[in-house]
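Report on the structure given below.
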Amino acid sequence: MTAYTHLLGTGASISDPHRTTTMLALSDDAHSRSSLLVDCGGDALQRWQAVGGTFQEIAGLILTHRHPDHISGLPLLMEKLWLSDRDGDLPVCGYPATLDQARRCMKAFAPVTAGWEGMPELIAHEVEGQPGATVWTDAPWHITSAPVSHGDTPTFGLRVAHESGAVVAYSCDTAPCDAVVKLAEGADLLIHEATGAGPGHSSMVEAADIARAAGVDRLVLVHLPPGPKHEPLEAARDVFPETTLGVEGKSYSIA
């Protein structure tokens, strides 16, 4: 096995003391500089190092939407890349509104970073707001997206296809919707938010319904709220038995 999906964080904006905000990473040991980060609401690079990653391996960053718990760690991420031995600028993929927010985050620190020679640039790659939109195509990944249901905030979920044929889907923040079923169809692993039922979010049972409808092999729940989780987890397993809670720093082999 050489390819992995890593849970860099598994919490909602407010979560249990041991959980940071939900962030993911994709890696493949067989390909140099091919690792991707998905969201950076916290210190994504510290969590990346904790799962064994290096800064040089990072090929790009995907931002699913513009909320603080998914984007506010960007200036720190860029500072760390500048201080590290990683060379080159950073491709950042997202919807136009998300990329605008990313630029504003960086602009807030412009008076500080203006004199930092060699500070990497954020290279924006706009993702189209339609099902099947291309996000990333460099080997070993082919990643597409689709708009999901997160209130009035433009947000996309992801379908990550590895060159081996393995597929991982990520719902991001969303109420239950057909778009996630289509993104996850036949996936080896579905990573689905479980903040709780309510506007723009899903419960554990609702995530399990999506997993069953999509015919996935495994369901991992993230974007978890604080508090007890045993009863809602058991209810979700009644719907889809292969359901587990996301664990900080856990890596799933996918190929």
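Both backbone and side-chain heavy atoms feed into the values below; hydrogens, waters and symmetry mates do not.
- One hydrophobic cluster holds both I62 and Y170 under the rule that ILVMFWY side chains link at heavy-atom gaps under 4.5 Å.
- Ring to ring, Y95 and F156 are close: their centroids are under 6.0 angstrom apart.
- Between Q130 and P147, the closest side-chain pair of non-hydrogen atoms is not below 4.5 Å.
- Residues T153 and H67 bring a donor and an acceptor atom of their side chains to less than 3.5 Å of each other.
- Checking E163 against H31 by side-chain atom types alone, a donor-acceptor pair falls below 3.5 Å.
- In the model, D39 has a side-chain atom that pairs as donor or acceptor with a side-chain atom of T64 under 3.5 Å.
- Hydrophobic clustering keeps V38 apart from V92 (ILVMFWY residues linked when any side-chain heavy atoms are closer than 4.5 Å, directly or through intermediates).
- Between L190 and I210 there is a side-chain heavy-atom pair separated by less than 4.5 Å.
- A 6.0 Å sphere centred on CG of D85 holds more than 12 heavy atoms belonging to other residues, nucleotides or ligands.
- Pairing each heavy atom of L8 with each of R47, the nearest pair is O-CG, 3.3 Å.
- A donor-acceptor contact closer than 3.5 angstrom links the side chains of D28 and H162.
- By the 4.5 Å heavy-atom criterion applied to side chains, H70 and C172 are counted as neighbours.
- Here the OG atom belonging to S251 is positioned 7.5 Å from the CG atom belonging to L7, to the nearest 0.5 angstrom.
- Within the 4.5 Å cutoff, side-chain heavy atoms of M106 are placed close to those of L74.
- Using a 4.5 Å heavy-atom threshold, the side chains of H65 and P154 count as separate.
- Closest approach of A124 to R103, counting heavy atoms only: CB-NH2, 3.3 Å.
- E248 and H18 share no donor-acceptor pair across their side chains, judged by distance under 3.5 Å alone.
- In this structure, E242 does not pair ionically with R237, as no charged nitrogen and carboxylate oxygen lie closer than 4.0 Å.
- Side-chain contact check for R33 versus I58: every heavy-atom pair is 4.5 Å or farther apart.
- L24 CG to I191 CD1: the interatomic distance, rounded to the nearest 0.5 Å, is 5.0 Å.
- A continuous path of hydrophobic side-chain contacts links M119 to L81 [ILVMFWY only; heavy atoms under 4.5 Å].
- No more than 12 heavy atoms of other residues, nucleotides or ligands sit less than 6.0 Å from atom CD1 of I14.
- With contacts defined as side-chain heavy-atom distances shorter than 4.5 Å, the pair V180/K182 does not qualify.
- Taken from CD in E57 to CG in L36, the straight-line distance is 11.5 Å, to the nearest 0.5 Å.
- Residues T244 and L221 are not in side-chain contact: their nearest non-hydrogen atoms beyond the backbone lie 4.5 Å or more apart.
- With no hydrogens or angles considered, no side-chain donor-acceptor pair links T2 and D29 at under 3.5 Å.
- The nearest pair of heavy atoms linking S164 to A255 is OG-CB, 3.1 Å.
- For the side-chain hydrogen bond (donor to acceptor under 3.5 Å, both in side chains) criterion with H223, the lone passing option out of T195, T22, T21 is T195.
- Taking CG of L219 as the start and CG of D209 as the end, the distance is 10.5 Å to the nearest 0.5 Å.
- The CE atom of M23 lies 11.0 Å from the CG atom of L61; values are rounded to the nearest 0.5 Å.
- Using a cut-off of 4.0 Å between Lys/Arg side-chain N and Asp/Glu carboxylate O, K229 and D16 are scored as salt-bridged.
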Exercise answer: donor-acceptor pairs, residues 135-146 side-chain atoms, under 3.5 Å, sequence neighbours excluded:
residue: W141; atom: NE1; partner: S34; partner atom: O; Å: 2.8

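- More than 12 heavy-atom neighbours from other residues, nucleotides or ligands sit within 6.0 angstrom of CG on D217.
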Item to check | From CA spacing to verdict: side chain to side chain donor-acceptor pair (under 3.5 Å), T174, H201 | outcome: CA-CA 5 Å; T174 184; H201 289 288; over 6 Å; no

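- Clustering ILVMFWY residues whenever any of their side-chain heavy atoms sit less than 4.5 angstrom apart, transitively, puts V222 in the very cluster that holds Y252.
- Around CZ of F55, the count of heavy atoms belonging to other residues, nucleotides or ligands within 6.0 Å exceeds 12.
- Other residues, nucleotides and ligands contribute at most 12 non-hydrogen atoms within 6.0 Å of the CD atom of E231.
- The distance from atom CG of L90 to atom CG of L122, rounded to the nearest 0.5 Å, is 6.5 Å.
- Within the 3.5 Å criterion, the main-chain N or O of F240 finds a donor-acceptor partner in the side chain of T243.
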